[in-house]
Amino acid sequence: MLKSSALSGPAPSSVVGLVGKWRKKTHQNRNLTRPLHFSTTSQASFANPKSSATPMEVEIKLRLPDSTAHQKVSDALSPFHIKTLAQENIFFDGEGSELVKNLAALRLRFYDLDSRCVLSLKAKPVISSGISRVEEQEEPVDPSVGRACVDEPGRLLLFGSSDIIKRVREEYNVKGLVCLGGFRNVRAVYDWKGLKLELDETIYDFGTSYEIECESVEPERDKKLIEGFLEEKGIRYSYSDVNKFAVFRSRKLPD
């Protein structure tokens, strides 16, 4: 049930142009689920951050019912706007669904028409009362290399220096990869009361959803702060109970 209380003003012209170009892009590969086999003995150039433990991402996730609520939030937060990002999210799984079966998601995220690309592995997600907790590892990838991996998913397994790929191969026993496809997201970022609020318009091929996200070390406290803001402005919202990848896999927008 949506909570009643009464967020996106016009984006800068440069952002409108960028998002317009980005939305017109179509993926050229028509065989996204074709399994490809590669040797895992070669190595590709890849960042290898030092980490002794898998970081835990904790986020507040509040769902907005429609574009009208999204617009109201954007208007109210416009004085605090920092940037707007055009994101394209592409997901991969093992040929035997080894990752999905173990509640893990391997993703390449492209930013702003391939100006940047990040490989991530998320695992063991838990979401309750609008607060999400998930293990997350991230590593930067050259965007051109990332695009080649979308076309030929098995190339990811060649990243021998990647901690993420090492975990995919060893912990999840993945021998070959397939591309699952993905979705796009327009993310407006705001610096509001010491919090980084992210206002998302997520475009799936079966519909569009709207959400506020906020990474936090004190999620219960910060959730109350954001809820108070929404209620003061009369903006309806509800607690997100699934993440974007789960929505993508279900091919159904949340009720």
Side-chain angles (χ1 to χ4, degrees), residues 22 25 27 29 32-36 44 46-49 51 54-59 61 85-127 132-159 162-172 174 176-187 198 200-206 209 211 213 215 240 242-251:
W22 168 75
K25 288 182 64 181
H27 200 281
N29 183 10
L32 289 179
T33 59
R34 175 169 55 93
L36 293 161
F46 205 92
N48 185 18
S51 175
T54 304
M56 180 70 71
E57 178 190 61
V58 181
E59 287 184 313
K61 291 179 179 283
L85 301 169
Q87 303 172 336
E88 183 180 359
N89 302 281
I90 306 294
F91 295 89
F92 304 84
D93 197 4
E95 294 170 353
S97 303
E98 292 90 347
L99 298 176
V100 169
K101 287 177 180 176
N102 288 283
L103 301 180
L106 183 66
R107 181 190 71 197
L108 280 172
R109 171 174 283 174
F110 298 89
Y111 291 84
D112 300 332
L113 299 178
D114 294 3
S115 65
R116 185 162 67 96
C117 178
V118 174
L119 175 69
S120 70
L121 178 65
K122 296 193 175 190
K124 303 175 183 176
V126 176
I127 185 166
S132 166
R133 292 175 172 85
V134 61
E135 290 183 3
E136 180 183 51
Q137 289 174 270
E138 292 187 329
E139 297 171 350
V141 180
D142 181 279
S144 63
V145 174
R147 285 296 175 192
C149 291
V150 174
D151 291 333
E152 298 181 294
R155 288 182 179 228
L156 282 168
L157 296 179
L158 300 179
F159 293 156
S162 164
D163 288 340
I164 289 176
I165 296 305
K166 180 180 180 181
R167 187 177 175 196
V168 166
R169 289 163 53 187
E170 296 181 1
E171 181 177 336
Y172 295 98
V174 171
L177 288 170
V178 295
C179 181
L180 302 178
F183 54 84
R184 292 174 173 172
N185 188 55
V186 180
R187 171 166 289 176
E198 297 170 336
D200 288 347
E201 178 187 4
T202 306
I203 302 104
Y204 305 96
D205 61 10
F206 51 87
S209 66
E211 191 174 40
E213 293 188 357
E215 195 163 346
S240 298
V242 293
N243 59 36
K244 291 181 177 69
F245 180 61
V247 173
F248 164 71
R249 291 287 292 164
S250 72
R251 298 192 59 79

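Between R109 and E138 there is no salt bridge, since no side-chain nitrogen of the basic residue lies less than 4.0 Å from a carboxylate oxygen of the acidic one. Salt-bridge annotation for D93 and K101: absent, with no side-chain N of the basic residue lying under 4.0 Å from a carboxylate O of the acidic one.
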Handout entry: side-chain contact (heavy atoms from CB on, under 4.5 Å) between K244 and N89, worked out
Key = CA-CA 10 Å; K244 291 181 177 69; N89 302 281; over 6 Å; no
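Residues S144 and D142 bring a donor and an acceptor atom of their side chains to less than 3.5 Å of each other.
For A148, the side chain to side chain contact (heavy atoms under 4.5 Å, CB included) partners at least two apart in sequence or on another chain are R155.
Nearest approach of L108 to C149, heavy atoms of both residues: CD1-CB, 4.1 Å. The shortest heavy-atom contact between F91 and G182 is CD1-CA, 4.3 Å. Contact record, E215 with E59: CA-CG, 3.9 Å, taken as the closest heavy-atom pair.
In terms of modelled atom types and a separation under 3.5 Å, the side chain of E211 and the main chain of S240 share no donor-acceptor contact.
Ring geometry for F248 versus F183: interplanar angle of 30 to 60°, hence tilted.
At least one cation-pi condition fails for R251 and F206: the charged atom is not both under 6.0 angstrom from the six-membered ring centre and inside a 45 degree cone around its axis.
Between V141 and C117 there is a side-chain heavy-atom pair separated by less than 4.5 Å.
Atoms CG and CD1, on L119 and I165 in that order, are 5.0 Å from each other to the nearest 0.5 Å.
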